[in-house]
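Quick note on labels: first sequence line is chain A, next is B, and so on, each numbered from 1.
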Number of protein chains: 2
Amino acid sequence: MSTRRRGEELEQAILHAAAEELRESGYAEMTMDRVAARAGTNKNAIYRRWPHRAALGIAAYRHLSDAVMPNPDTGTLRGDALEMLRQANQTWSSPHGTVLRDLLAAAADDPTLLDLIRERSGADTMDRAWLTMLERAVARGEAPPTAVHPRVATTPIMLLRAEYAMRGFPSVPDEVLVEIIDEVFLPLVRGRAHP
Amino acid sequence: MSTRRRGEELEQAILHAAAEELRESGYAEMTMDRVAARAGTNKNAIYRRWPHRAALGIAAYRHLSDAVMPNPDTGTLRGDALEMLRQANQTWSSPHGTVLRDLLAAAADDPTLLDLIRERSGADTMDRAWLTMLERAVARGEAPPTAVHPRVATTPIMLLRAEYAMRGFPSVPDEVLVEIIDEVFLPLVRGRAHP
DNA sequence: CTCGTAAGGTACGTCGCGTACCCTATAGGG
DNA sequence: CCCTATAGGGTACGCGACGTACCTTACGAG
């Protein structure tokens, strides 16, 4: 009858189905049977491509996130940083973010998978964005050149992540974001002027 | 025959059995049937006390951790901070830490349980220790009084935590700890001198 | 002594992962 | 143009583990 799908075509269909399940119900509900049914195939086809559920979940995640990478330019370092942090907070507290956190938890004991997640979640791109933001601040004379450092750039995001790990998940309140910037990030940037 | 255990006595037996399972095989292997068998009872007695596996795991965790809280006094802020961070890294990379991380992952969607974990994991005590360490540095004239701030005190630990979330689990290499102190914590403390 | 409460024993429903087996279409080479 | 290796389809199942149901048995308080 209808031509039987193969290779690339089938693979895309499976990924699409898995992504839909992720979007609608989250990782916990993304069962292998449901994905197979939704893709109009069976678990065999899936297990031939991915060794287990977690791998499929991670592979499917990229179909969700179009990774809207913000690049705010408010004129001040404080404004830019707050804006980026707020954006990150919004992403992490959205359904997307919930899925991402669940995937992280599921892959927590497998470094291979963790790398895959980092790759697909756009974390590296995010880190670069913070660095260029710092460079702009240096150009404006708002920050010392020594402030352009990976650890400095990633600190606010790291703190936000840790905040998520501690609390439950509604989302981190804005006061906390402001505090991260005003009490940690900006003092840190200033402090790097005088070694 | 032998007098049947009840109430408090039985409860302790269950917690002890669960803790042993946690120590020997980790949270993933701590199955309800095994705990029941090891405690010489059955699942009924467990489910009458804790609603689900995660709750039992968290309750049992306190039997593991004797919470060795370090209070180093090396004479310098840098020395103290590094020591505390190293201690934390060691704890988190030990079997204990693995259990704790697994519990965190399991409770990640239940704020009630997260609070319980924070309580039992000695996180608050740890935070206080960092604060008093900062106060000592202020007394020595090594840090400005404005550096004594909760966000400042918790930053290194938060960064370490986030580091764990990103990588797999062997343990965080010492260079990273040094970098957290030298490139973030100390500059931050300095930077808080000049608002 | 009796009666409610809690423990013991056991079996079961359910769910979801991962696997096994066998059949069927299809692509690609001879 | 056929034929065979390969991959997809269908289905069933083993298994582990959670959580529940139901009955029986000890214990302690009145």
Side-chain angles (χ1 to χ4, degrees), chain A residues 1-18 20-22 24-61 99 102-103 105-110 112-113, chain B residues 1-18 20-22 24-61 99 102-103 105-110 112-113:
Chain A
M1 292 294 140
S2 63
T3 142
R4 179 185 276 186
R5 292 167 304 178
R6 295 208 147 213
E8 188 61 22
E9 188 188 353
L10 181 56
E11 184 153 336
Q12 287 307 315
I14 295 173
L15 284 173
H16 185 71
E20 289 293 297
E21 289 292 327
L22 279 182
E24 289 175 14
S25 331
Y27 178 65
E29 314 293 316
M30 187 204 82
T31 157
M32 297 306 253
D33 295 84
R34 290 184 64 172
V35 171
R38 182 162 204 153
T41 180
N42 63 357
K43 291 192 285 181
N44 273 333
I46 302 181
Y47 279 104
R48 260 195 219 106
R49 292 173 167 77
W50 297 274
H52 40 243
R53 199 170 75 99
L56 174 61
I58 293 170
Y61 179 77
V99 169
D102 288 349
L103 286 175
D109 54 349
D110 187 334
T112 315
L113 294 182
Chain B
M1 291 306 135
S2 65
T3 143
R4 180 185 277 187
R5 293 165 304 178
R6 294 205 148 214
E8 188 61 22
E9 189 190 351
L10 182 55
E11 184 152 337
Q12 288 306 315
I14 295 172
L15 283 173
H16 184 71
E20 288 294 297
E21 289 292 327
L22 280 182
E24 290 174 13
S25 333
Y27 179 66
E29 314 293 319
M30 187 204 82
T31 156
M32 297 305 251
D33 296 84
R34 290 185 63 173
V35 172
R38 181 162 207 153
T41 180
N42 62 356
K43 289 192 287 181
N44 273 334
I46 302 181
Y47 279 105
R48 263 194 216 106
R49 292 172 167 79
W50 298 275
H52 40 243
R53 198 170 73 100
L56 174 60
I58 293 169
Y61 178 77
V99 169
D102 288 349
L103 285 175
D109 54 350
D110 189 333
T112 314
L113 294 181

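Set against C:dG18, C:dA7, D:dC18, the side chain of B:L10 has C:dA7 as its closest nucleotide. Of the candidate nucleotides D:dC22, D:dG9, D:dA17, D:dC22 has the atom lying nearest to any side-chain atom of B:N44. You'll find that the side chain of B:R49 is closest to C:dA7, out of C:dC17, C:dA7, C:dG8. The side chain of B:A45 lies closest to C:dG8 when the candidates are C:dG8, C:dC17, D:dG19.
Contact annotation: A:R48 reaches the phosphate of D:dG8 (side-chain N/O to OP1 or OP2, under 4.0 Å). For D:dG16, neither phosphate oxygen OP1 nor OP2 lies less than 4.0 angstrom from any side-chain nitrogen or oxygen of B:T31.
In this entry the distance linking CD of A:E9 with P of C:dT26 reads 12 Å, nearest Å. Between the OH atom of B:Y27 and the C1' atom of D:dA17 there is a distance of 12 Å, given to the nearest Å. Rounded to an integer number of Å, the gap from A:H52 NE2 to C:dT19 P is 11 Å. Taking atom CG of A:D33 as the reference point, atom P of D:dT11 lies 13 Å away to the nearest angstrom. Rounded to a whole Å, the CD1 atom of A:I14 is 8 Å from the P atom of D:dG9. Protein atom CD1 of B:I46 is 17 Å distant from nucleotide atom P of C:dA6, rounded to whole Å. A straight line from CE of B:M32 to P of D:dT20 spans 10 Å, rounded to a whole angstrom. Rounded to whole angstrom, the span from the OH atom of A:Y47 across to the P atom of D:dC13 amounts to 18 Å.
Looking at B:R48 and B:L10, their side chains never come closer than 4.5 Å, going by heavy atoms from C-beta outward. Side chains of A:Q12 and A:E8 form a contact here, defined as non-hydrogen atoms less than 4.5 Å apart. At a threshold of 4.5 Å between non-hydrogen side-chain atoms, the residues B:L15 and B:L56 count as touching. Using a 4.5 Å cut-off on side-chain heavy atoms (C-beta onward), A:M32 and A:R53 make contact.
Nearest heavy-atom pair, A:A17 versus A:V35, reported as atom, atom and distance to 0.1 Å: CB-O, 3.8 Å. Taking all atoms of both residues into account, the shortest heavy-atom contact from B:A107 to B:I58 is CB-CD1, 4.3 Å.
Note on A:R38 versus A:E24: salt bridge recorded, some NZ/NE/NH1/NH2 to OD/OE distance being below 4.0 Å.
No engagement by B:R34 is indicated, since no non-hydrogen atom pair under 4.0 Å with the nucleic acid exists.
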Dump the pairs, protein N or O against N or O of nucleotides 12-15 of chain C, anything under 3.5 Å, distances to one decimal.
none

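In terms of polar N and O atoms assigned as donor or acceptor, the side chain of A:N42 comes within less than 3.5 Å of the base of D:dG10 in a complementary pairing.
Closest-nucleotide positions on DNA chain C for A:A28 and B:T41 were compared, and the one nearer the 5' end corresponds to B:T41.
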